[in-house]
Number of protein chains: 2
Amino acid sequence: MVRKTKEDAAITRQRIIDAARDVFLVRGVSRTSMEQIAAQAGLTRGAIYWHFDSKTEILLALRERVFLPLIDRMDDTLLKAAEGAEDPLLNIERFLTETIQVLNDSSETRQTYEIMMIKCEYVDEFAEVLQQIANNCSNISLNIKRAYQRAQELDLLDASCTPEEYAMDTYLFFSGLLHMWIKDPENSERRQQTTSFIRSHIRLRRKTKTA
Amino acid sequence: MVRKTKEDAAITRQRIIDAARDVFLVRGVSRTSMEQIAAQAGLTRGAIYWHFDSKTEILLALRERVFLPLIDRMDDTLLKAAEGAEDPLLNIERFLTETIQVLNDSSETRQTYEIMMIKCEYVDEFAEVLQQIANNCSNISLNIKRAYQRAQELDLLDASCTPEEYAMDTYLFFSGLLHMWIKDPENSERRQQTTSFIRSHIRLRRKTKTA
DNA sequence: TAATATACATACATTCACGTATGTAAGTCA
DNA sequence: TGACTTACATACGTGAATGTATGTATATTA
């Protein structure tokens with residue numbers, strides 16, 4: 001069994017990505033060798049070098065496979081919050097909850113996030129990834145702001161802050177929440193309270209909160 | 001000039017740490033070799049191996065030198081917030097502002113944070129560092145909670161959330177703020193607005209905000 | 001069905017970083 | 001003042017990872 005069909009090759013490629021994710025998670029990206037990835041995938045380095053030019057490309061493939069769908073999903077939810085007829089605050093809450101839910105449901109996503117957050121060094125070729133992430137984040141930030149502006153139009157917002165201020169506060173909350181969630185051990189108390197944290201965060205912003 | 005006095009040796013040790021910080025920041029911890037650190041410090045690997053057993057020990061020394069003082073300072077400020085006679089909310093705000101101020105003023109602190117956040121992989125020996133950081137954070141989190149409880153006793157808190165909820169929200173805000181601050185480029189717009197972000201975060205919690 | 005491209009495995013050469021061993025001049029101490 | 005220790009520099013051996021070159025059996029295609 002040497003030469004495979006195209007479908008087989010696609011499966012092999014995915015096997016490599018999955019294997020890399022497993023090894024990256026345990027050994028960190030830098031300390032992971034091509035040999036280790038190959039062994040985990042039940043292949044040799046030759047196979048890996050045929051599918052990928054370098055370890056960096058594997059990591060990029062790993063990232064694209066998880067980040068892009070999630071970013072799209074987040075953008076969608078937030079766009080609904082900004083333009084939909086429904087309660088924008090509820091939609092922002094939904095955006096936060098859904099994102100955490102994805103991490104909860106998909107171990108692939110969860111592990112990839114963990115690798116990108118605390119098992120990877122952003123230098124040289126990888127500095128640009130940080131820039132891409134920043135771009136995604138600023139887009140999310142913008143959409144959160146729009147949603148809050150919509151909420152203000154609907155007179156749902158407490159008057160103590162501007163939509164811009166609420167948006168930044170929520171963005172920073174979200175960022176902190178992701179980091180906490182990833183770094184906390186599985187089934188930790190805080191992880192399970194996440195939904196509650198999100199609810200109180202949103203509750204703070206509602207006009208009728210003292211009613 | 002070979003053998004130095006004890007003071008000279010201490011200076012050399014510090015030179016190594018400073019050099020390591022410079023190289024770590026550019027090349028990342030894993031890609032940095034002892035040789036590169038030595039060159040940056042104007043020494044040879046022999047000197048480094050005399051002062052440190054491994055690269056990990058240099059990184060730990062680098063961390064201790066910056067983290068411990070900052071953690072102490074944060075604990076102090078928060079303790080004052082929880083026990084002092086002054087407005088606890090103002091003291092929480094001060095805690096946030098002061099911490100960012102340290103990052104602003106001390107390039108050593110700023111660079112060390114950047115290394116720990118995005119130029120370092122938390123695996124093997126370094127997994128325990130993550131645990132230590134978690135412990136520090138949970139202590140900070142606890143003190144924030146106490147400060148909010150004190151604020152509630154003084155009837156300064158808006159009633160929409162409990163002190164625990166406010167504390168977690170502030171902790172997550174703080175965490176997100178640090179990450180944003182470190183990742184943003186120098187003199188970025190957001191970095192300069194940090195004080196404003198903090199103010200509105202605290203303003204949200206004040207009872208008299210609608211007055 | 002022959003030619004060619006594909007999907008790997010195997011083999012090889014090179015580099016690089018590491019740890020250690022050894023050298024050495026100056027400081028320290030009795 | 002001599003013996004010992006310190007604070008490094010230098011030299012050496014080793015393993016590990018890398019990239020590439022080559023081999024090869026099977027798909028694919030004309």
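Just so it is clear, the values below take in all heavy atoms, side chains as well, and ignore hydrogens, waters and symmetry mates. Throughout, protein chains are lettered first and strands after them, A, B, ... in sequence-line order, and every chain is numbered starting at 1.
Of the residues in residues 22-43 of chain B, those placing a heavy atom less than 4.0 Å from an atom of DNA chain C are B:Ser33, B:Met34, in numerical order.
B:His51 has no side-chain polar atom (N or O) that falls below the 4.0 Å cut-off from OP1 or OP2 of D:dA7. For the pair B:Thr5 and D:dA7, the criterion of a side-chain N or O lying under 4.0 Å from OP1 or OP2 is not met.
Between C:dA7, D:dC8, D:dA7, one nucleotide has an atom nearer to the side chain of B:Lys6 than all others, and that is D:dA7. Considering only the side chain of B:Trp50, D:dA7 comes nearest among C:dC8, D:dA9, D:dA7. With C:dC8, C:dT20, D:dT10 as the choices, the nucleotide that has an atom nearest any side-chain atom of B:Thr44 turns out to be D:dT10. Minimum atom distance to the side chain of A:Tyr49 is reached by D:dT18, of the listed C:dC18, D:dT18, C:dA9. The side chain of B:Ala9 lies closest to D:dA7 when the candidates are D:dT18, C:dA9, D:dA7.
Looking only at atom types and distance, the side chain of B:Ser138 has no donor-acceptor partner in the side chain of B:Tyr171 under 3.5 Å away.
Rounded to the nearest 0.5 Å, atoms CD1 (B:Ile144) and CE (B:Met74) are 9.0 Å apart.
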Please tabulate the protein-to-nucleotide N/O contacts below 3.5 Å involving nucleotides 12-14 of chain D, giving atom names and distances.
none

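Using cut-offs of 30° and 60° for the angle between ring planes, the A:Phe174 and A:Phe95 rings count as tilted.
Each of A:Glu93, A:Gln193, A:Arg203 was checked for a side chain to side chain contact (heavy atoms under 4.5 Å, CB included) with A:Ile198, and the lone residue meeting it is A:Glu93. Checking each of A:Glu164, A:Arg205, A:Glu165 against A:Tyr148 for a side chain to side chain donor-acceptor pair (under 3.5 Å) leaves exactly one that passes, namely A:Arg205.
Note that B:Arg63 lies in the cation-pi zone of B:Phe67, set by a 6.0 Å cut-off to the ring centre and a 45° limit from the axis.
Every residue meeting the side chain to side chain contact (heavy atoms under 4.5 Å, CB included) condition with B:Glu125, not counting sequence neighbours, appears here in chain and number order: A:Arg31, B:Thr56.
Taking all atoms of both residues into account, the shortest heavy-atom contact from B:Leu25 to A:Val123 is O-CG1, 4.4 Å.
One atom, CG of B:Asp8, and another, C1' of D:dT5, lie 16 Å apart when rounded to the nearest Å. Going from atom CZ of B:Phe52 over to atom C1' of D:dC8 covers 14 Å, rounded to whole Å. Taking atom CD1 of A:Ile48 as the reference point, atom P of C:dT6 lies 20 Å away to the nearest angstrom.
Two residues, B:Glu7 and B:Ser54, neighbour DNA chain C, and the one matched to the more 5' nucleotide by heavy-atom proximity is B:Ser54. Each of B:Lys55 and A:Gly46 was matched to the nucleotide of DNA chain C holding its nearest heavy atom; the match closer to the 5' end belongs to A:Gly46.
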Practice problem: Would you check, one step at a time, whether the test side chain to side chain donor-acceptor pair (under 3.5 Å) holds for A:Gln14 with A:Asp18? | Solution: CA-CA 6 Å; A:Gln14 187 56 43; A:Asp18 290 336; 3.1 Å; yes

